[in-house]
Amino acid sequence: VQLQASGGGLVQTGGSLRLSCAASGRDFSSHAMGWFRQAPGREREWVAGIKWTDPVTYYAHFVKGRFTISTDSAKNTVYLEMNSLKPEDTAVYYCGAKRGVLTSTPSDYASWGQGTQVTVSS
């Protein structure tokens, strides 16, 4: 599975951004998809997850109610809509794909996009 992330940028506190992750390759529709982020000096952390075959979504507590993950099967794309952004949301955001059940552990994910920088100014 190949992933291409895009959509990051600079935004003020309270602003919004939408990240996209275009997927390609063999059998990616059976994968679980996750958005993760990594701030300087910190470990990569899970943000949200979804499966192509299941509309149920999952969120880390620190983004619940502000971020929305979704898929568009016609475009082979996973989105992360981010609202009410805070300076602490500043990080490089990555999309990941794995076979089987959705998990929040980065090392479980076999495929990664290249990362897209999100910077929230105060």
Side-chain angles (χ1 to χ4, degrees):
V1 176
Q2 291 79 48
L3 304 174
Q4 180 78 25
S6 61
L10 173 64
V11 65
Q12 291 185 333
T13 296
S16 299
L17 283 172
R18 187 178 77 162
L19 306 183
S20 300
C21 176
S24 61
R26 188 174 180 178
D27 200 30
F28 68 85
S29 61
S30 66
H31 284 57
M33 303 295 297
W35 281 100
F36 294 76
R37 69 187 187 186
Q38 188 165 17
R42 301 189 65 176
E43 294 186 350
R44 190 169 298 190
E45 62 182 359
W46 175 77
V47 174
I50 194 170
K51 292 198 73 172
W52 293 99
T53 57
D54 184 346
V56 179
T57 56
Y58 302 87
Y59 299 95
H61 66 91
F62 48 81
V63 302
K64 201 166 188 179
R66 300 188 297 125
F67 291 11
T68 302
I69 188 171
S70 62
T71 59
D72 184 335
S73 296
K75 297 182 178 180
N76 299 338
T77 300
V78 179
Y79 299 101
L80 185 69
E81 185 78 33
M82 306 185 296
N83 298 312
S84 302
L85 283 162
K86 306 174 182 180
E88 52 263 44
D89 294 318
T90 295
V92 177
Y93 283 70
Y94 298 89
C95 57
K98 68 176 296 291
R99 294 185 182 276
V101 299
L102 195 151
T103 70
S104 61
T105 304
S107 60
D108 290 342
Y109 286 71
S111 301
W112 292 96
Q114 81 283 13
T116 184
Q117 177 70 48
V118 171
T119 303
V120 184
S121 63
S122 56

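Residues Val47 and Tyr79 do not share a hydrophobic cluster, clusters being chains of Ile/Leu/Val/Met/Phe/Trp/Tyr side chains in contact below 4.5 Å. No path of Ile, Leu, Val, Met, Phe, Trp and Tyr side chains, each step under 4.5 Å between heavy atoms, connects Tyr93 with Trp46, placing them in separate hydrophobic clusters.
Between Met82 and Val118, the closest side-chain pair of non-hydrogen atoms falls below 4.5 Å.
Trp112 is linked by a ring-ring contact (aromatic ring centres under 6.0 Å, His included) to Phe36, Tyr109, counting only residues two or more places apart in sequence or in another chain. Applying the side chain to side chain contact (heavy atoms under 4.5 Å, CB included) rule to Ser30 yields the partners Asp27, Arg99; only residues at least two apart in sequence or on another chain are considered.
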For residues 4-18, which side-chain donor-acceptor pairs fall under 3.5 Å, sequence neighbours excluded?
| unit_1 | atom_1 | unit_2 | atom_2 | d |
| --- | --- | --- | --- | --- |
| Thr13 | OG1 | Ser121 | O | 2.8 |
| Ser16 | OG | Asn83 | OD1 | 2.8 |

Identify every side-chain donor-acceptor pair in residues 52-64 under 3.5 Å, counting partners at least two apart or on other chains, and give the distances.
| unit_1 | atom_1 | unit_2 | atom_2 | d |
| --- | --- | --- | --- | --- |
| Trp52 | NE1 | Phe28 | O | 3.3 |
| Asp54 | OD1 | Val56 | N | 3.0 |
| Tyr59 | OH | Ile69 | N | 2.9 |

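Identified under the salt bridge (Lys or Arg N to Asp or Glu O under 4.0 Å) test for residues 39-52, with sequence neighbours left out: Arg37-Glu45. The disulfide (SG to SG under 2.5 Å) contacts involving residues 20-102 comprise Cys21-Cys95, where partners must be two or more places apart or lie in separate chains.
Across every non-hydrogen atom of His31 and Val1, the tightest pair is NE2-CG2, 3.4 Å. Here the closest non-hydrogen pair linking Met33 and Leu102 is O-CD1, 4.0 Å.
No donor-acceptor pair under 3.5 Å is formed between the side chain of Thr105 and the backbone N or O of Thr103.
For the atom pair CD (Gln114) and CG (Leu3), the distance works out to 9.0 Å, reported to the nearest 0.5 Å. The distance from the CG atom of Leu19 to the CH2 atom of Trp35 is 4.5 Å, given to the nearest 0.5 Å.
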